[in-house]
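This report refers to the structure that appears directly beneath it.
Computation of the quantities below employed the complete heavy-atom set of this structure, encompassing side-chain atoms and omitting hydrogens, waters and symmetry-equivalent molecules. Note that this is a predicted model, so its numbers are computed, not measured.
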Amino acid sequence: MHYILVFAFLLAISDKVLADESVTIFVKETSYSINSMDEELNSAKLESKLKQLKFSLVTLVVDYCAGPVMVAEVYVALANANSSVKNLHLKASGSHEKSKCKNV
């Protein structure tokens, strides 16, 4: 019985470690969000949240309406929060219709 509890504890810990190894950052037109969180973040809050996480894999999902400054701020936040990023993937999202963008 003791071994089963130890094994279950180790599995729980390893799931937490594996879950934190990758992070998805959604770059929107005027804000950011991390993973499936609904919280809208500015660049300072994004950096603060990233400092709390341990990860080495990053996926940036960049909305069509997001400007180059928004993307640059993510790179700065990543550099300040975590220097151990080993892999970064870029994905595009959103519509290419300019009428859907508010800051155009």
Can you tell me how far [atom2] of [Y] sits from [atom1] of [X], rounded to the nearest 0.5 angstrom?
X	Y	atom1	atom2	value
Ser48	Leu41	OG	CG	9.0 Å
Phe55	Ile34	CZ	CD1	7.5 Å
Ser33	Asp38	OG	CG	8.0 Å

Does some side-chain heavy atom of Thr59 sit less than 4.5 Å from a side-chain heavy atom of Ile25?
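No; the side chains remain at least 4.5 Å from each other.
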Would you check if Ser93 and Tyr64 make a side-chain contact, meaning some heavy-atom pair closer than 4.5 Å?
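No, too far: nothing below the 4.5 Å cut-off.
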For atom NZ of Lys28, decide whether the heavy atoms of other residues, nucleotides or ligands shown that lie under 6.0 angstrom number more than 12.
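Yes, NZ of Lys28 has more than 12 neighbouring heavy atoms, counting only those of other groups under 6.0 Å.
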With sequence neighbours left out, what residues match Ser84 under side-chain hydrogen bond (donor to acceptor under 3.5 Å, both in side chains)?
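For Ser84, the residues satisfying side-chain hydrogen bond (donor to acceptor under 3.5 Å, both in side chains) (neighbours in sequence not counted) are Asn82.
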My understanding is that only residues two or more places apart in sequence, or in another chain, count here; which of them pass side-chain hydrogen bond (donor to acceptor under 3.5 Å, both in side chains) with Ser31?
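Ser31: side-chain hydrogen bond (donor to acceptor under 3.5 Å, both in side chains) contacts with Glu40.
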Pairs in or reaching into residues 72-96: which pass salt bridge (Lys or Arg N to Asp or Glu O under 4.0 Å), with residues at least two apart or in two chains?
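Found none.
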How does the hydrophobic cluster around Val61 look, that is, which other residues are in it when side-chain heavy atoms under 4.5 Å mark a link?
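So far as hydrophobic clustering goes, Val61 is joined with Phe26.
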Can you give me every donor-acceptor pair (side chain of residues 74-81, partner residue at least two apart or in another chain, under 3.5 Å) with its distance?
{"from": "Asn80", "atom 1": "ND2", "to": "Glu47", "atom 2": "OE1", "distance (Å)": "3.4"}
{"from": "Asn80", "atom 1": "ND2", "to": "Val76", "atom 2": "O", "distance (Å)": "3.4"}

Just to verify, which of Asn42, Leu50, Leu60, Val27 counts as forming a side chain to side chain contact (heavy atoms under 4.5 Å, CB included) with Tyr32?
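By the side chain to side chain contact (heavy atoms under 4.5 Å, CB included) criterion, Tyr32 pairs with just one of Asn42, Leu50, Leu60, Val27: Val27.
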Apply side-chain contact (heavy atoms from CB on, under 4.5 Å) to Asn87 and list each qualifying residue two or more places apart in sequence or on a separate chain.
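In terms of side-chain contact (heavy atoms from CB on, under 4.5 Å), with neighbours along the sequence ignored, Asn87 is linked to Leu57, His89.
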Minimum heavy-atom distance Glu29-Met70, with the two atoms named:
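Scanning both residues, the minimum pair turns out to be O-CG, 3.7 Å.
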